[in-house]
Engineer: 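Starting off with a structure, shown below.
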Amino acid sequence: MTHYVPGLVVRADGVPAAVEELRLPEIGPGQVRVRIRAAGVCHSDLSMVNGTLRPPHPLVLGHEAAGEVVETGERVSRASAGDHVVLNWQPACRSCWFCDRGEVWLCSTSSGVAALENGMTVDGEPVHVTLGVGAFAGEVVVPENAVIPVPAELDFDLAALLGCAVLTGTGAVRNTAKVAPGDSVVVIGLGGVGLSVVTAARAAGAAQVIAVDLAETKKGLAEAAGATDFVVSSDTLSKDIRARTSGRGADHAFEAVGRAATIRAAWRATRRGGRVTVVGMGAADDMVQLSALDIFSSARTLQTSVYGQADPDLEIPALARDVVAGTLNLSHLITDRITLADVPAAFDRMARGEGARSVVVL
Ligand SMILES: [Zn+2]
Ligand SMILES: [Zn+2]
């Protein structure tokens, strides 16, 4: 049976995304059909429309989502109809060289796939789906390893955040940077990921979490997430951070923007021997310049964290249990609940640096 669902589609570079009817692909062996119940507006979706990335068109946006399984194909064992699931945009194949080493976030069968062909427009033109998901749609058809069952008590809007911002931010703190009790931490960029880094750093026992953003209006969000300090970013940022860290700079800096300028700012905000963890995804032509002498003598480590360097199949259910148990509070991350048609306005808010997460509720 053919299923038609609404989806938020970009037709070409520079053309605003619009809701249109889509024809879902037939469900195949090993696939599941999921009714999307909530989908977060992530910076990577904005990157698909603002020229940072160059995806193929037509493109269905959205990748941070949760929903309910409505149909399973042959040989599906991971989920059944009625299960509540979080979508995983980097599902591990469990058989490539990286997966064999346990580095499933680098799985070679899915990494680097910005947009996969899946489904059609009503006119029969093939459509692409963002990060293999295309979650700004009524329903999606995905391989079974792209769904992760979570408890039914977990609200769909919070569950959606686990699929990108929260896993990315939490994993960057725990798995990549390995923030330790007593550490000082700087977080630059307070979107959904940056605020998740703040929360995870405090939970890891950081004594000081200095939240940095261009917008003074982020102060309340930073404090709700657990920041001990808030600094409005300016040309004197490294001085401001040093003034708050005994003149040394922080043990850790997290860059959650994805720009060369903020990566350099994060570098300068850390102490000698400190660690800089880049979580934001930037553009191919935005070059980071560091001097060879500085790299050597500062003894800092510059590293990135892809999808929180996590195994989502293990860590998303664990985060879900923490939310249900009340030990992980994410409600402050959602500042706007919107419809599919409101997503372009949410992109504008994101570009202006307003709010935290907008979540499409379906
Ligand atoms: Zn994302
Ligand atoms: Zn793999």
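Atoms within each ligand, like the ligands themselves, are counted from 1 in listed order.
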Engineer: Is it true that D313 and R78 have a side-chain N and a carboxylate O under 4.0 angstrom from each other?
Structural biologist: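 Salt bridge between D313 and R78, a charged N being under 4.0 Å from a carboxylate O: yes.
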
Engineer: Between Y307 and W89, is the ring centroid distance below 6.0 Å?
Structural biologist: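 So the answer is yes for these two rings.
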
Engineer: With a 6.0 Å cut-off (strictly less than), is the heavy-atom count around CZ of R259, excluding the residue itself, greater than 12?
Structural biologist: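 No, because the 6.0 Å sphere around CZ of R259 holds 12 heavy atoms or fewer from other groups.
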
Engineer: Salt bridge check, D311 against R94: does any charged N sit closer than 4.0 Å to a carboxylate O?
Structural biologist: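 Yes, this pair counts.
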
Engineer: Report the angle formed at the Zn ion (ligand 1) by atom SG of C42 and atom NE2 of H63, rounding to the nearest 10°.
Structural biologist: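 Result: 110°, to 10°.
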
Engineer: Can you tell me, to 10 degrees, how wide the angle at the Zn ion (ligand 2) is between SG on C99 and SG on C96?
Structural biologist: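 Value returned, to the nearest 10°, is 110°.
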
Engineer: Suppose you place the vertex at the Zn ion (ligand 2); what is the angle out to C107 SG and C93 SG, to 10°?
Structural biologist: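 The angle at the Zn ion (ligand 2) comes to 100°, rounded to the nearest 10°.
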
